[in-house]
Enquirer: 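One structure, as structure tokens, below. Some questions next.
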Amino acid sequence: MKNTGIIISLLLLPVFTLNLKAQTLTATEIIQKADNKSRGKSSQGTMTLTIVRPDWKRSLTFTAWTKGRDYSLIYISAPAKEKGQVFLKRGKEMWNWMPSIERLIKIPPSMMMQSWMGSDFTNDDLVKESSIIHDYTHKLLGEELVRDQLCYKIELVPLPDAPVVWGKILTWVSKNGFDMWKAVYYDEDQQPVNTMNAYNLKQMGDRTILTTMEIIPANKKGNKTILQINNLVFDQPISDSFFTQQNMKKVR
């Protein structure tokens, strides 16, 4: 009986160890898990962006390719007025190809906070110039229930010299799945600027991700922007040479 007890204890030890590890995740580890899940080593997919205003709304459709943190390319396919516009990020540099005037425009860091295509997303949001892992400190504030999901509540504060556009971010990451369920973005004066809510978990490629993201500005009543992921695959090989200025004029 004594030996049997020892054997059972040894069998159950991995389970107890796993549970203990899950309970002692740091704020940085939680953010890392959420970021890795939504990003992957690379991704490619089509998305629809709907800009809602009190008196009107319009939609854009685009294809986006990413590779790690350094490469991103976005090709706008609709509507006809914007079709063919391309945005490229390589490292810390960003360009916009405008076929209507056949001009390549470099977007300076000072414009990363500017609206992307008239939406409530910023240039930084779309190309993820800043890194929520490396450019911020992370503090676990506790747990909260958000839209029926029990979430870790985490405060992200930028490092002193980090090239970021936000003064602070509060984010809620679901305990069941490590999905970024909600986030509130603050300016340098610690005033809320945007709230992001994410919905609609769906299987995309090899993982289940949130496929609808809604940005609501704090001080613009009736304004919001909805990003819908139509399809997305992860970790397919993409050459670095795909993310070049030359390819901006060829990609479709």
Side-chain angles (χ1 to χ4, degrees), residues 18 21-22 25-49 61-77 86-95 97 107 112 116 121-138 152 154 156 159 162-165 169 171-181 183 196 198-213 227-248 250-252:
L18 185 62
K21 186 175 180 181
L25 286 173
T26 67
T28 299
E29 288 171 333
I30 295 165
I31 292 293
Q32 181 79 67
K33 283 177 174 289
D35 190 56
N36 288 344
K37 182 178 181 181
S38 64
R39 184 188 300 271
K41 295 178 181 177
S42 68
S43 68
Q44 176 182 344
T46 61
M47 306 175 194
T48 300
L49 190 79
T61 301
F62 60 90
T63 303
W65 297 261
T66 69
K67 185 175 182 180
R69 301 183 185 278
D70 292 327
Y71 300 106
S72 176
L73 192 145
I74 296 171
Y75 170 80
I76 297 179
S77 55
V86 180
F87 294 83
L88 169 68
K89 176 202 169 187
R90 283 183 65 93
K92 296 188 178 297
E93 296 185 309
M94 183 177 174
W95 294 269
W97 166 248
I107 300 175
M112 295 310 293
W116 186 77
F121 284 91
T122 65
N123 289 317
D124 187 84
D125 292 329
L126 266 292
V127 300
K128 292 180 170 58
E129 169 68 12
S130 60
S131 167
I132 61 172
I133 304 299
H134 302 293
D135 292 331
Y136 293 85
T137 61
H138 314 101
Y152 298 106
I154 299 174
L156 288 74
L159 295 169
V164 302
V165 298
I169 302 172
T171 187
W172 288 258
V173 177
S174 63
K175 295 191 70 175
N176 181 22
F178 295 98
D179 299 294
M180 289 193 180
W181 202 246
M196 186 280 293
Y199 306 87
N200 297 336
L201 283 164
K202 292 183 181 178
Q203 187 74 24
M204 292 280 175
D206 63 346
R207 67 198 70 189
T208 301
I209 63 169
L210 293 159
T211 58
T212 304
M213 280 144 278
L227 177 66
Q228 178 68 48
I229 299 174
N230 303 321
N231 58 75
L232 193 64
V233 293
F234 294 93
D235 301 338
Q236 297 297 307
I238 307 176
S239 171
D240 292 357
S241 62
F242 179 83
F243 302 93
T244 61
Q245 293 181 28
Q246 293 78 12
N247 197 41
M248 292 177 76
K250 302 175 185 176
V251 69
R252 295 291 182 271

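The first residue in the sequence is number 1, and the count goes up from there.
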Enquirer: I need the Met196 CE to Thr171 OG1 distance, nearest 0.5 Å.
Expert: 6.0 Å
Enquirer: Taking the side chain as everything from C-beta on, heavy atoms only, tell me whether Phe87 gets closer than 4.5 Å to Tyr75.
Expert: no
Enquirer: Kindly indicate, with the supporting measurements, whether the criterion side chain to side chain contact (heavy atoms under 4.5 Å, CB included) is fulfilled by Val251 and Phe242.
Expert: CA-CA 9 Å; Val251 69; Phe242 179 83; 3.8 Å; yes
Enquirer: Using the side chain to side chain contact (heavy atoms under 4.5 Å, CB included) rule, take Phe243 and Ile238 through it: C-alpha gap first, then chi angles, then the decisive distance, then the call.
Expert: CA-CA 9 Å; Phe243 302 93; Ile238 307 176; 3.5 Å; yes
Enquirer: May I ask you to test the Trp95-Arg90 pair for a side-chain heavy-atom distance under 4.5 Å?
Expert: yes
Enquirer: Quick one: do Ser241 and Asn247 satisfy side-chain hydrogen bond (donor to acceptor under 3.5 Å, both in side chains)? Show the steps, please.
Expert: CA-CA 8 Å; Ser241 62; Asn247 197 41; over 6 Å; no
Enquirer: Which heavy-atom pair separates Val173 from Met180 by the least distance, and what is that distance?
Expert: CG2-CG, 4.3 Å
Enquirer: Quick check for you: to the nearest 0.5 Å, what is the distance between Ile209 atom CD1 and Ser43 atom OG?
Expert: 8.5 Å
Enquirer: In terms of heavy-atom contacts, does CG of Asn176 have more than 12 from other residues, nucleotides or ligands at under 6.0 Å?
Expert: no
Enquirer: Would you say the side-chain atoms of Ser72 and Thr66 include a donor-acceptor pair closer than 3.5 Å?
Expert: no
Enquirer: Sequence neighbours excluded, which residues qualify as salt bridge (charged side-chain N to carboxylate O under 4.0 Å, His left out) partners of Lys41?
Expert: none
Enquirer: Taking atom CG of Leu227 and atom CG of Leu49, what is their separation to the nearest 0.5 Å?
Expert: 5.5 Å
Enquirer: Might you work through the side chain to side chain contact (heavy atoms under 4.5 Å, CB included) test for Val86 and Leu73, ending with a clear yes or no?
Expert: CA-CA 7 Å; Val86 180; Leu73 192 145; 3.9 Å; yes
Enquirer: Counting only N and O atoms by type, is there a donor-acceptor contact under 3.5 Å from the side chain of His138 to the main-chain atoms of Ile132?
Expert: yes
Enquirer: Is a salt bridge present between Arg39 and Asp235, judged by a nitrogen-to-oxygen distance below 4.0 Å?
Expert: no
Enquirer: At what distance, to the nearest 0.5 angstrom, does OG1 of Thr244 lie from CG of Leu88?
Expert: 7.5 Å
Enquirer: In this structure, is the centre-to-centre distance between the rings of Trp65 and Phe234 below 6.0 Å?
Expert: no
Enquirer: Looking at Ala198 and Met213, what are the two nearest heavy atoms and their distance?
Expert: CB-CG, 4.0 Å
Enquirer: Quick check for you: to the nearest 0.5 Å, what is the distance between Leu232 atom CG and Lys202 atom NZ?
Expert: 12.5 Å
Enquirer: Could you pull out the closest heavy-atom pair between Ile229 and Met47, with the gap in Å?
Expert: CA-CG, 4.2 Å
Enquirer: Thinking salt bridges, do Asp179 and Lys37 make one under a 4.0 Å N-O criterion?
Expert: yes
Enquirer: Return the CH2 to CH2 distance between Trp181 and Trp172, rounded to the nearest 0.5 Å.
Expert: 14.0 Å
Enquirer: Under a 3.5 Å threshold, yes or no: a donor from one side chain and an acceptor from the other, between Thr211 and Asn200?
Expert: no
Enquirer: Can you list everything that forms a salt bridge (charged side-chain N to carboxylate O under 4.0 Å, His left out) with Asp240? Sequence neighbours excluded, please.
Expert: Lys67
Enquirer: Under the 6.0 Å and 45° cation-pi test, does Lys33 pair with Phe178?
Expert: yes
Enquirer: Do Leu210 and Met204 have side chains that get closer than 4.5 Å, going by heavy atoms?
Expert: no
Enquirer: Report yes if some heavy atom in the side chain of Tyr71 is under 4.5 Å from a heavy atom in the side chain of Lys89; otherwise report no.
Expert: no
Enquirer: Can Ile76 and Thr61 be said to form a side chain to side chain contact (heavy atoms under 4.5 Å, CB included), step by step?
Expert: CA-CA 6 Å; Ile76 297 179; Thr61 301; over 6 Å; no
Enquirer: Any donor-acceptor pair under 3.5 Å linking the side-chain atoms of Thr48 with those of Gln228?
Expert: no
